[in-house]
Enquirer: 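The structure under discussion is supplied below as structure tokens; questions concerning it will follow.
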Protein chains: 2
Amino acid sequence: MNPAHHADRLIRKLETLAALSDEEKEALGSLPMSVKVFGADQDIVREGDCPVECCLVLEGMVFRYLMLDDGRRQIMGFYIPGDIPDLQSLHIKIMDHSVGTLVTTIVGLIPHQSLNNLNARYPRIANALWRDTIVDAAMFRLWMVGLGRKSAHERIAHLFCELLMRFKAVGIAKDALTCEFPMTQTELGDALGLSTVHVNRVVQDLRADGLINLRGSSLHINDWERLQQRAKFNPTYLHLEGRGAAE
Amino acid sequence: MNPAHHADRLIRKLETLAALSDEEKEALGSLPMSVKVFGADQDIVREGDCPVECCLVLEGMVFRYLMLDDGRRQIMGFYIPGDIPDLQSLHIKIMDHSVGTLVTTIVGLIPHQSLNNLNARYPRIANALWRDTIVDAAMFRLWMVGLGRKSAHERIAHLFCELLMRFKAVGIAKDALTCEFPMTQTELGDALGLSTVHVNRVVQDLRADGLINLRGSSLHINDWERLQQRAKFNPTYLHLEGRGAAE
DNA sequence: CGATTCATTGAGACCAGTCAACTGGCGTGG
DNA sequence: CCACGCCAGTTGACTGGTCTCAATGAATCG
């Protein structure tokens, strides 16, 4: 990937959150960024760390998670190119959870200081980033609704819907109904509060009903309407405001 | 309550998030605020609303929640005096969930415009508020861990721990081991993804084990150490940084 | 080709849900 | 002042969705 394109990922993402002037885009483009490649299943930051830079996902996919003492794991969100999963570290020194990779992932590390300078100079960018943390929180809340009150079928279908829409919003879905899905059923289970075995059975149900096609690390949705109904999916919470929304 | 004290609630809360200068406190103190009283079980804002003011809780207790079509409800967080449960509406126009009262509650309504002016003039206040939304998100994530990976006993014990610490942080716990707890077992269940019946049985267990004393709307913790262990409670995520921490 | 990882399948157990009934306190109105 | 209704809490019996344990395929890789 061409270095000039690194910031494009970020600009594209922030444009789903707020309008940006040319000057602001230029400022984003000149952010210092050191590019780093992580293999699959590696931690980018760990619980207890006190990072001095934020990590922008350029290629690949990462997730935030927390381990309990006895080995139980809860995955709290998946992040795709354009996302900054540890943006919060700008304001909270100590990490209360870890960020790990699903697959080989390229990230751009941006010093906190550079981001703080940018925020001081361009309040609208600061607001867009604040907005990002708010949309992030909205995703957590919806995820909570799934974990607390939805069936396994609804939860899994919902995650499929959410990820496709987010890929489309930043323009990196394979097509209108297809996107990357590079995670194992164990990871799916840890994200949705289910056992691997049960995830397997439910995914088979969804396949048998002709709703999805999940082969390797690619997700294709055969019947968006019915999948959305099955998931009780309502995309309001993504706050995309028409930019990149499906349908 | 004396009007002069209204802003004190907010100042006290923001001081758990960042240090404030006298000038900043004064600016907070002169925020316009219209005081309003809501009865129990009333909605302050509803899903779909586009509020033009934020609501600061002065007395009482509120919660954020979402209803599914079939009547299932998920409560996504409880808010106590000093909290601004709909702070996000400053940056996201449409509410993707509702905010309701548990008991009679007094709130101060602050126009978005006043908050935006304040943020523009005092970047440190803006940062403190941003920080608040981040800590809020951290609570959601921990709640997710509970919903996805913890047993009913752990979840309920965890909520008891969290609420006591938050009450203590803003100085309105009754004493070091006692605080308000004005919610029914049905509400507890909707928050923790459990049925009312099961909440009842678990609360009885915790009582029988001598860990807590839950009478009427008052929670007293008999054995903080053991309750914390039972909950696997780790207060890092509240990011109180020593201010108001228990022990 | 052995090793490893992921997906799949079956059998049985259990945590938590559902349904239904009953208690007790509290406020209201006759 | 008592009868009544209502709501939160409690209890029992039964159900069921999901988990655990364990074994087997299938695919990938050095």
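This structure is a prediction, so every number in the text was calculated from the model and none was measured. In the text below, chain A, chain B and the rest are named by the order of the sequence lines, each starting its count at 1. Side-chain atoms are counted along with the backbone in the values below, which use heavy atoms only and exclude waters and symmetry mates.
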Enquirer: Have a look at B:Thr196 and say if it touches a base, only the backbone sugar-phosphate, or nothing, with a 4.0 Å heavy-atom cut-off.
Expert: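 No contact.
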Enquirer: What nucleotide among D:dC19, C:dA7, D:dT18 has an atom nearest to a side-chain atom of A:Ala152?
Expert: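 Comparing D:dC19, C:dA7, D:dT18 against the side chain of A:Ala152, the answer is D:dT18.
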Enquirer: Below 4.0 angstrom, N of the basic side chain to O of the carboxylate: do A:Arg72 and A:Asp190 qualify?
Expert: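 No, A:Arg72 and A:Asp190 are not salt-bridged.
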Enquirer: Would you call B:Arg9 and B:Glu59 a salt bridge, using N to O less than 4.0 angstrom?
Expert: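 Yes, charged N to carboxylate O under 4.0 Å.
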Enquirer: Hey, does A:Val203 reach any base, or is it just sugar-phosphate, or nothing, if we go heavy atoms under 4.0 Å?
Expert: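 A:Val203: no heavy atom of the nucleic acid under 4.0 Å.
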Enquirer: Tell me the interatomic distance from B:Glu187, atom CD, to D:dC7, atom P, rounded to whole angstroms.
Expert: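 These atoms are roughly 13 Å apart.
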Enquirer: Taking any heavy-atom pair under 4.0 Å as a contact, classify A:Gly193: base, sugar-phosphate, or nothing.
Expert: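 The answer is sugar-phosphate, as A:Gly193 gets under 4.0 Å only of primed atoms, P, OP1 or OP2.
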Enquirer: Starting at CG of B:Leu194 and ending at P of D:dG17, how long is that distance when rounded to a whole Å?
Expert: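 Atom-to-atom, B:Leu194 to D:dG17, this comes out as 18 Å.
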Enquirer: Which part of the nucleic acid, if any, lies within contact of B:Arg72, taking any heavy atom under 4.0 Å across all strands shown: a base, the sugar-phosphate backbone alone, or nothing?
Expert: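 Contact class for B:Arg72: none.
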Enquirer: Could you state the NE2-C1' distance from B:His198 to D:dT10, rounded to the nearest angstrom?
Expert: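 Result: 15 Å.
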Enquirer: Nearest whole Å is fine: how far is D:dA8 P from B:Asp190 CG?
Expert: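 That distance rounds to 12 Å.
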Enquirer: Are A:Phe181 and A:Phe160 near enough that their ring centres are under 6.0 Å apart?
Expert: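 Between A:Phe160 and A:Phe181, which both carry aromatic rings, the centre distance is below 6.0 Å.
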Enquirer: At less than 4.0 Å, is any side-chain N or O atom of B:Arg155 found next to OP1 or OP2 of C:dC15? Yes or no.
Expert: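 For B:Arg155, the contact criterion (side-chain N or O under 4.0 Å from OP1 or OP2 of C:dC15) is not met.
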Enquirer: Expressed as a whole number of angstroms, how long is the span from A:Phe181:CZ to C:dA7:P?
Expert: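 Atom CZ in A:Phe181 sits about 10 Å away from atom P in C:dA7.
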Enquirer: Between atom CD in A:Gln185 and atom P in C:dT9, what is the gap in whole Å?
Expert: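 In whole Å, C:dT9 P and A:Gln185 CD are 10 Å from each other.
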Enquirer: Check every strand shown and say whether B:Arg149 touches a base, only sugar-phosphate, or nothing at a heavy-atom separation below 4.0 Å.
Expert: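 It contacts nothing in the nucleic acid.
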Enquirer: Quick check on D:dG9: is either OP1 or OP2 less than 4.0 Å from any side-chain nitrogen or oxygen of B:Arg207?
Expert: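 Answer is no, no contact under 4.0 Å.
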Enquirer: Any side-chain donor-acceptor pair under 3.5 Å between B:Asp43 and B:Tyr65?
Expert: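 Present: a donor and an acceptor within the cut-off.
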Enquirer: Looking at every non-hydrogen atom in both residues, tell me the closest pair between A:Thr178 and A:Ser218 and how far apart they are.
Expert: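 Here A:Thr178 and A:Ser218 meet closest at CG2-OG, 3.7 Å.
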Enquirer: Between P on D:dA23 and CG on A:Asn200, what's the gap in Å once rounded to a whole number?
Expert: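 Nearest whole value for this atom pair: 18 Å.
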Enquirer: Using a cut-off of less than 4.0 Å, is there contact between a side-chain N or O of A:Gln204 and OP1 or OP2 of C:dT9?
Expert: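 So the side chain of A:Gln204 is within the cut-off, an N or O lying under 4.0 Å from OP1 or OP2 of C:dT9.
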Enquirer: Look at the side chain of A:Arg201 and the base of C:dG10, then say whether one donor and one acceptor between them are separated by less than 3.5 Å.
Expert: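 Side chain to base: pair found, below 3.5 Å.
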Enquirer: Quickly work out the B:Ile156 CD1 to D:dG9 C1' distance and round it to whole Å.
Expert: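 Distance, rounded to whole Å: 14 Å.
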Enquirer: Remember a base hit wins even if backbone is also touched, and classify A:Ser195 as base, sugar-phosphate or nothing at under 4.0 Å, heavy atoms.
Expert: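 Base, at least one base heavy atom under 4.0 Å.
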Enquirer: Starting the side chain at C-beta, find the nucleotide from C:dC19, D:dG9, D:dC21 nearest to B:Thr184.
Expert: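 Given the options C:dC19, D:dG9, D:dC21, the side chain of B:Thr184 is closest to D:dG9.
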